[in-house]
**Q** 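Before I ask anything, here is the structure I am working with.
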Amino acid sequence: MTNTMGAVNPNVGNPVVVGTTGDQQDGRSPRRGYVPNWRSTPPTLTVHDTRITISTPERKPNDEYHRADLQDAFDFWAAAGSATNVAMQLGWPEVAYGVMESKVESGALMHHPWKRLRTTATYLAVAVLGTQAERDAYRDAINTAHRHVRNDENSPVKYNAFNRELQMWVAACLYIGFEDAHELLHGKMNAEQAEQFYSGASHLATTLQVTEEMWPSTREEFDHYWNVACERVSYDETQIQFINDLIDLKMITPILGLPLRSLLRFLSIGMMPRLFREKIGLRWRPADQRRFENLFLFVGFVNRFLPRPLRFGSFYFNMFDLRRKIEKNKNLI
């Protein structure tokens with residue numbers, strides 16, 4: 001593996017003035033944003049740059065096992081892309097420095113990785129499986145922590161965890177992780193199946209401050225947003241080192257980390273789109289891609305014989321635990 005510094009985006013820390021849908025209602029002036037009006041901006045990138053290649057066979061229509069439903073995307077193998085997803089989220093420097101400089105020590109990724117993993121898994125579970133009341137309760141709990149996540153005078157970029165554009169980028173990365181893992185395990189979706197899978201995805205964003213109007217309304221629109229948003233992905237040396245430490249499990253005890261390190265690095269790079277790999281400086285050969293594809297052909301075959309409670313158990317436990325905490329009026333994070 002070689003490390004290279006990602007190209008510096010000239011707009012990092014210096015949002016441009018844009019006018020997007022809903023920004024100029026009632027005669028208000030345009031808000032300041034990180035991305036130009038993505039709905040009217042032709043992307044220079046394509047899904048070939050910004051998405052991984054799914055080589056698993058296309059699934060059959062109306063296949064009960066291979067259902068195209070976001071609620072069926074909670075296979076425990078989805079966790080294989082967790083580090084990849086964080087690395088993609090950190091492609092926006094404002095998100096990266098918000099995570100790396102986190103003043104909420106109890107939830108800092110490198111200090112309390114298991115708690116951070118549980119918090120994220122619970123967020124995903126409640127966003128997809130929860131009721132609106134449960135989403136609202138969890139949003140309030142996260143807001144308590146997010147109030148402390150903002151830049152200070154020493155930060156190289158300006159950020160605020162309540163910024164809706166930053167939240168939308170994170171939610172889009174989370175959706176990409178769900179869809180990629182689901183297709184790797186169950187086969188590539190056609191346009192109709194992809195639209196059905198996407199239909200409940202907005203909750204990944206609106207469980208925070210992102211409005212329904214901001215979220216792309218169709219799967220085709222999402223691709224357009226994603227390609228435009230990926231144009232400002234950049235990594236400096238600090239971000240790259242943080243990501244490599246994450247992939248190498250430097251935040252957990254070596255007794256657990258060392259045996260898993262090679263596998264996690266292989267899975268993390270394999271589940272990372274070409275754009276992100278190249279900007280981080282991660283090596284990936286055609287032979288690696290073939291091994292990765294063969295691995296998921298095997299995993300997808302074995303996975304269909306595993307009982308659903310085993311495959312989905314951890315997320316359902318997170319929902320059970322959240323509901324118990326709400327009922328007993330306990331802290332949710």
Side-chain angles (χ1 to χ4, degrees), residues 46-85 88 121 124-125 127-129 171-204 216 218-227 230 263-264 266-277 284-316:
T46 69
V47 291
H48 176 72
D49 305 302
T50 64
R51 299 296 303 272
I52 65 171
T53 300
I54 304 294
S55 60
T56 46
E58 189 168 301
R59 67 187 68 185
K60 297 178 181 179
N62 304 317
D63 187 327
E64 180 61 23
Y65 173 73
H66 298 298
R67 292 184 300 185
D69 191 328
L70 189 59
Q71 294 189 5
D72 288 319
F74 282 114
D75 286 272
F76 66 85
W77 266 97
S82 297
T84 297
N85 208 263
M88 291 167 64
L124 294 174
V128 177
L129 303 174
C173 291
L174 293 173
Y175 175 75
I176 292 287
F178 269 131
E179 186 179 89
D180 285 350
H182 196 61
E183 288 197 311
L184 285 169
L185 289 171
H186 297 274
K188 191 169 180 62
M189 293 182 282
N190 60 32
E192 182 180 355
Q193 291 165 337
E195 195 67 48
Q196 179 183 337
F197 187 83
Y198 181 74
S199 60
S202 63
H203 293 311
L204 293 171
T218 66
R219 182 63 187 74
E220 184 179 3
E221 272 197 5
F222 179 85
D223 273 346
H224 189 102
Y225 163 77
W226 179 250
N227 289 332
C230 281
L263 176 61
L264 180 63
F266 176 74
L267 291 172
S268 297
I269 300 175
M271 298 188 79
M272 192 176 294
R274 182 173 64 87
L275 171 76
F276 297 84
R277 283 202 307 261
W284 189 250
R285 301 166 301 178
D288 296 320
Q289 181 65 30
R290 288 194 297 271
R291 284 193 288 269
F292 180 80
E293 291 171 357
N294 290 336
L295 172 64
F296 272 94
L297 282 173
F298 172 74
V299 168
F301 174 76
V302 172
N303 198 59
R304 69 182 304 152
F305 298 105
L306 298 178
R308 187 180 178 91
L310 177 61
R311 291 163 41 219
F312 291 75
S314 61
F315 286 98
Y316 286 126

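Computation of the quantities below employed the complete heavy-atom set of this structure, encompassing side-chain atoms and omitting hydrogens, waters and symmetry-equivalent molecules. Just so you know, residue 1 is the first one in the sequence shown, and it goes up from there.
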**Q** Should the heavy atoms of other residues, nucleotides or ligands under 6.0 Å from CD of E58 be counted, would the total exceed 12?
**A**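 Counting other residues, nucleotides and ligands, CD of E58 exceeds 12 neighbours.
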**Q** Indicate the atoms forming the closest heavy-atom contact of H203 with A127, along with that distance.
**A**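 Distance-wise, the nearest heavy atoms are CB-O, 3.1 Å.
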**Q** Within a strict 4.5 Å, meaning less than it, do heavy atoms of the F276 and C230 side chains meet?
**A**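 Yes, at least one pair of side-chain atoms sits under 4.5 Å.
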**Q** Decide, yes or no, whether a salt bridge links R308 with D72 under the criterion of side-chain N to carboxylate O below 4.0 Å.
**A**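 Salt bridge between R308 and D72, a charged N being under 4.0 Å from a carboxylate O: yes.
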**Q** Test: salt bridge (charged side-chain N to carboxylate O under 4.0 Å, His left out). Region: residues 286-296. Which pairs qualify, not counting sequence neighbours?
**A** R285-D288, D288-R291
**Q** Applying salt bridge (Lys or Arg N to Asp or Glu O under 4.0 Å), can you list everything that pairs with R59, at least two apart in sequence or on another chain?
**A** none
**Q** May I ask you to test the S55-Q289 pair for a side-chain heavy-atom distance under 4.5 Å?
**A**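 A side-chain contact under 4.5 Å is absent here.
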**Q** Compare every heavy atom of I52 with every heavy atom of G270, then report the nearest pair and how far apart it is.
**A** O-CG2, 4.0 Å
**Q** If you count the non-hydrogen atoms of other residues, nucleotides and ligands that lie under 6.0 Å from CD in E221, is the total more than 12?
**A**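 Count over threshold, so yes.
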**Q** Who passes ring pair (Phe, Tyr, Trp, His ring centres under 6.0 Å) against F266, sequence neighbours left out?
**A** W284
**Q** So F222 and Y198, would you call those rings parallel, tilted or perpendicular, with 30° and 60° as cut-offs?
**A**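 Answer is tilted, since the angle falls between 30° and 60°.
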**Q** What is the distance from atom OG1 of T56 to atom CG of L184, rounded to the nearest 0.5 Å?
**A**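 Spacing of OG1 (T56) from CG (L184) equals 6.0 Å.
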**Q** Is any side-chain heavy atom of L267 closer than 4.5 Å to a side-chain heavy atom of L295?
**A** yes
**Q** Is there side-chain contact between W226 and C173, with heavy atoms separated by less than 4.5 Å?
**A** yes
**Q** Would you say the side chain of Y175 lies within less than 4.5 Å of the side chain of F197, judging by non-hydrogen atoms?
**A** yes
**Q** Could you list the residues that satisfy ring pair (Phe, Tyr, Trp, His ring centres under 6.0 Å) with F296, not counting sequence neighbours?
**A**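 Result, ring pair (Phe, Tyr, Trp, His ring centres under 6.0 Å) vs F296: W77, F292.
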**Q** Please list, chain by chain and in numerical order, all residues satisfying ring pair (Phe, Tyr, Trp, His ring centres under 6.0 Å) with F301, sequence neighbours excluded.
**A**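 Testing F301 for ring pair (Phe, Tyr, Trp, His ring centres under 6.0 Å), a comparison that skips the adjacent residues, returns F305.
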**Q** Would you mind listing every salt bridge (charged side-chain N to carboxylate O under 4.0 Å, His left out) that reaches into residues 171-189, with sequence neighbours excluded?
**A**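 Qualifying pairs: R51-E179, R51-D180, E179-R219.
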**Q** In sequence, state the C-alpha distance, the side-chain angles, and the governing distance for F74 and F178, and then conclude on side-chain contact (heavy atoms from CB on, under 4.5 Å).
**A** CA-CA 8 Å; F74 282 114; F178 269 131; 3.5 Å; yes
**Q** Got a donor-acceptor contact below 3.5 angstrom from the H182 side chain to the R67 backbone?
**A**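 Flag set: sc H182 to bb R67 pair under 3.5 Å.
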**Q** Could you give the distance from CG (L306) to CG (D75), rounded to the nearest 0.5 Å?
**A**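 Answer rounded to 0.5 Å: 8.5 Å.
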**Q** From N85 CG over to M272 CE, what is the distance, rounded to the nearest 0.5 angstrom?
**A** 9.5 Å
**Q** Looking at CG of L70 and CG of L124, how far apart are the two atoms once the value is rounded to the nearest 0.5 Å?
**A** 9.5 Å
**Q** Would a 4.5 Å heavy-atom cut-off, applied to side chains only, mark H48 and R274 as touching?
**A** yes
**Q** Testing the basics here: between M271 and T84, what is the closest heavy-atom pair and its distance to 0.1 Å?
**A**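 Taking M271 first and T84 second, the nearest heavy atoms are O-CG2, 3.2 Å.
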**Q** Would a distance-only check, ignoring hydrogens and angles, find a side-chain to backbone donor-acceptor pair under 3.5 Å from D49 to T46?
**A** yes
**Q** Might you point out which heavy atoms bring E195 and T218 nearest each other, and give the distance in Å?
**A**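 Between these two residues, the closest heavy atoms are OE2-CA, 3.4 Å.
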